[in-house]
*Asks:* 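Sharing a structure below in structure tokens format, with a few things to ask.
Since the model is a prediction, treat every value here as computed from it, not as a measurement. All values below were derived from every heavy atom in this structure, side-chain atoms included, with hydrogens, water molecules and symmetry-related copies excluded. A note on names: the letters A, B, ... follow the listed sequences, proteins ahead of strands, and every chain is numbered from 1.
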Protein chains: 2
Amino acid sequence: MTTPPPGLRERKKQATREALREAALRLAVEHGPDQVRVEDIAEAAGVSPRTYNNYFASREQAIVSAVSADREARIAAAVAARPAGVRLADAIAEAVVEQYTNTGEHEHEALLLITTRTALRDAFLDTTAGIEAPLTAVIAERIGDVGAHAARVLAASVAAAVRIALEGWLQPTGNAEAAGGFGTGGLVVPSGSLPDRLRAALAPLTPAFDAAEQRTQP
Amino acid sequence: MTTPPPGLRERKKQATREALREAALRLAVEHGPDQVRVEDIAEAAGVSPRTYNNYFASREQAIVSAVSADREARIAAAVAARPAGVRLADAIAEAVVEQYTNTGEHEHEALLLITTRTALRDAFLDTTAGIEAPLTAVIAERIGDVGAHAARVLAASVAAAVRIALEGWLQPTGNAEAAGGFGTGGLVVPSGSLPDRLRAALAPLTPAFDAAEQRTQP
DNA sequence: CAGACAAAATGCGTGCACGCAAGTTTGCGC
DNA sequence: GCGCAAACTTGCGTGCACGCATTTTGTCTG
């Protein structure tokens with residue numbers, strides 16, 4: 001289940017993908033997100049515009065993917081790396097926080113950019129959906145095949161929680177009427193760091209994980 | 001907090017929206033989903049193509065919205081209608097099942113259509129996101145303001161679960177390798193009715209709701 | 001009722017996503 | 001090495017989403 005030897009074909013493909021990522025982000029930072037056309041990105045990466053669209057389904061996706069890279073796979077690996085003794089809920093929370101905390105200098109600059117445009121923000125939030133599949137796998141491994149459904153649902157819930165945490169974190173200035181049709185009541189956390197937000201968002205799901213875990217190892 | 005008297009303006013707007021919905025679905029059924037251009041839908045509804053895009057952000061959204069209509073608001077109302085005695089998790093599960101079960105003749109025809117195109121299927125699944133906000137409101141009302149965060153997360157989890165249930169239900173034929181990188185283990189529910197799927201998807205979240213509910217009413 | 005004001009409809013222009021049908025490269029067995 | 005099949009790239013054409021400026025249409029007030 002390891003990488004056999006990645007042939008030339010695959011390596012070239014990854015190189016192109018990386019070139020597009022890098023070009024997209026760099027141009028967006030240099031000239032502003034709205035002043036960059038797909039044509040420019042493709043040219044900077046040395047491919048045709050049509051090829052660009054074989055790699056990314058939207059302009060925003062390319063820019064954002066330079067930041068999110070392949071966090072998806074790393075989260076699953078981070079969960080699997082935790083000793084089997086710790087509670088599943090804790091293992092996941094720690095892994096998630098860990099993977100969303102490596103804010104390199106380079107990335108921080110990009111995040112500021114993302115905050116400025118709603119389309120970019122949305123694209124970034126959509127990347128959380130990518131962690132569902134890997135998470136489903138590791139969760140299912142813990143709670144056994146009888147909980148295959150549950151694994152899927154729990155993974156999706158985690159993704160949703162992470163999304164919510166990021167959503168609030170990327171909010172430039174605090175605003176009200178965010179929840180659903182009525183003010184949030186007035187006493188929500190004003191801002192908070194990203195790790196705190198992530199932990200807070202994941203906390204409500206803990207009981208569900210505990211229950212799922214206990215059902216298999218009584 | 002009731003509807004004062006909805007002016008002519010608002011009524012016309014809803015009429016236009018309804019006309020677009022109806023036209024989109026009808027034309028899609030008649031000529032096939034791919035043979036219908038936005039221009040056709042707009043013309044059938046008696047508005048300009050540009051106006052069409054003021055109501056719907058994509059062609060698929062218009063078609064799908066004829067089915068999903070405003071299930072969002074109805075789900076929240078259905079939850080609120082349950083007596084305060086029943087467990088929150090049960091109230092939500094019942095309300096969700098109830099709202100996704102009224103398969104009118106007309107709707108069933110549309111669902112078959114949706115199954116045939118991936119783009120339509122995705123658009124339909126995306127409608128589940130719309131129930132988050134109303135659900136957040138009703139959940140928050142039950143568990144109090146201290147659980148404002150939790151309400152948001154739980155609502156999103158419910159939406160995710162519903163999405164998963166619908167996803168599986170719309171699958172034309174059973175296929176493997178659906179979960180995350182490895183076979184589902186072999187013993188998942190082959191098909192099942194929609195209500196069953198919904199209940200099964202929501203079940204893993206029950207402990208989380210119980211915990212949230214107890215924290216406020218010990 | 002007239003005139004001001006807000007909201008929605010419309011026309012136009014631009015960039016984009018993507019299907020399709022070549023053309024080109026890579027991998028592989030002989 | 002040779003040639004073939006699959007994978008990837010590219011050009012082209014079409015329909016679409018959406019910003020902007022303008023016109024039309026409710027709505028409110030004196």
*Asks:* Is there side-chain contact between A/F209 and A/V158, with heavy atoms separated by less than 4.5 Å?
*Replies:* yes
*Asks:* Would you tell me if any nitrogen or oxygen in the side chain of B/Y55 comes within less than 4.0 Å of OP1 or OP2 on C/dA9?
*Replies:* yes
*Asks:* Please tell me if A/N53 has a side-chain N or O lying less than 4.0 Å from either OP1 or OP2 of C/dA17.
*Replies:* yes
*Asks:* Could you check whether B/E167 pairs with A/R152 (Lys NZ or Arg NE/NH1/NH2 to Asp/Glu carboxylate O, under 4.0 Å)?
*Replies:*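 Judged by the 4.0 Å cut-off on N to carboxylate O distance, B/E167 and A/R152 do form a salt bridge.
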*Asks:* Please report the distance, rounded to the nearest Å, between OH in B/Y52 and P in D/dC18.
*Replies:*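 That distance rounds to 11 Å.
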*Asks:* If the test is side chain to side chain donor-acceptor pair (under 3.5 Å), which one of B/R71, B/R74, B/E72, B/E94 qualifies with B/Q99?
*Replies:*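 Of the listed residues B/R71, B/R74, B/E72, B/E94, the side chain to side chain donor-acceptor pair (under 3.5 Å) partner of B/Q99 is B/R74.
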*Asks:* Below 4.5 Å, heavy atoms only, C-beta onward: do B/L113 and B/I63 meet side chain to side chain?
*Replies:* yes
*Asks:* Taking five pairs at each end, how big is the angle between the two axes of the helix from C/dC1-D/dG30 to C/dC30-D/dG1, to 10°?
*Replies:*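 About 30° separates the two local helix axes.
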*Asks:* May I ask you to decide whether B/R163 forms a salt bridge with A/E132, counting only side-chain N to carboxylate O separations under 4.0 Å?
*Replies:*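 No.
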*Asks:* Please examine the side chains of B/L111 and B/W169, heavy atoms only from C-beta on, and report whether any two atoms are closer than 4.5 Å.
*Replies:* yes
*Asks:* What residues, two or more places apart in sequence or in another chain, satisfy side-chain hydrogen bond (donor to acceptor under 3.5 Å, both in side chains) together with A/D122?
*Replies:*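 side-chain hydrogen bond (donor to acceptor under 3.5 Å, both in side chains) check on A/D122 returns nothing, list empty.
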*Asks:* Using a heavy-atom distance cut-off of less than 4.0 Å, which residues of residues 56-63 of chain A contact DNA chain C?
*Replies:* A/A57, A/S58, A/R59
*Asks:* Please work out which residues in residues 15-29 of chain A have a non-hydrogen atom less than 4.0 Å from an atom of DNA chain D and list them by number.
*Replies:*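 Heavy-atom cutoff 4.0 Å gives no residues at all.
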*Asks:* Is a side-chain donor-acceptor pair under 3.5 Å present for A/T51 with A/S48?
*Replies:* yes
*Asks:* Hey, what do you get for CD1 (A/I139) to CZ (A/R142), rounding to the nearest 0.5 Å?
*Replies:* 10.0 Å
*Asks:* Just how far, in rounded Å, is C1' of C/dA7 from CD of B/Q14?
*Replies:*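 From B/Q14 CD to C/dA7 C1': 15 Å.
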*Asks:* How far does CD1 of A/I75 sit from CD1 of A/I92, to the nearest 0.5 angstrom?
*Replies:*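 Output value for this atom pair is 10.0 Å.
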*Asks:* Looking at OH of B/Y55 and CD of B/Q61, how far apart are the two atoms once the value is rounded to the nearest 0.5 Å?
*Replies:* 14.0 Å
*Asks:* Could you grab the distance from atom CD of A/E30 to atom CZ of A/R26, nearest 0.5 Å is fine?
*Replies:* 5.0 Å
*Asks:* In this structure, which one of A/L166, A/L170, A/D126 forms a side chain to side chain contact (heavy atoms under 4.5 Å, CB included) with A/R121?
*Replies:*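 Passing option: A/L170.
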*Asks:* Quick one: B/N54 CG to C/dG11 P, roughly how many Å, whole number?
*Replies:*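 B/N54 atom CG is separated from C/dG11 atom P by 12 Å.
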*Asks:* Taking atom CD1 of B/I41 and atom CD of B/E22, what is their separation to the nearest 0.5 Å?
*Replies:* 11.0 Å
*Asks:* For the CD atom on B/E43, are there more than 12 heavy atoms of other groups (residues, nucleotides or ligands in this structure) within a distance under 6.0 Å?
*Replies:*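 Atom CD in B/E43 is not crowded, with 12 or fewer foreign heavy atoms closer than 6.0 Å.
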*Asks:* Between B/E98 and B/R82 (salt bridge meaning N to carboxylate O under 4.0 Å), is one present in this structure?
*Replies:* yes
*Asks:* Enumerate the residues from residues 32-47 of chain B whose closest heavy atom to DNA chain D is under 4.0 Å, giving them by residue number; use none for an empty result.
*Replies:*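 Of all residues in residues 32-47 of chain B, the ones placing a heavy atom under 4.0 Å from DNA chain D are B/V36, B/R37, B/V38.
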*Asks:* May I ask you to verify if any side-chain N or O of A/T51 is less than 4.0 angstrom from the OP1 or OP2 atom of D/dT10?
*Replies:* yes
*Asks:* Output yes when at least one side-chain N/O atom of A/K13 is less than 4.0 Å from OP1 or OP2 of D/dA7, else no.
*Replies:* no
*Asks:* Using a 4.0 Å heavy-atom cut-off to protein, can you give one letter per nucleotide of nucleotides 19-30 of chain D, 5' to 3': B if the base is in contact, S if only the sugar-phosphate is, - if neither?
*Replies:* BB-----BS---
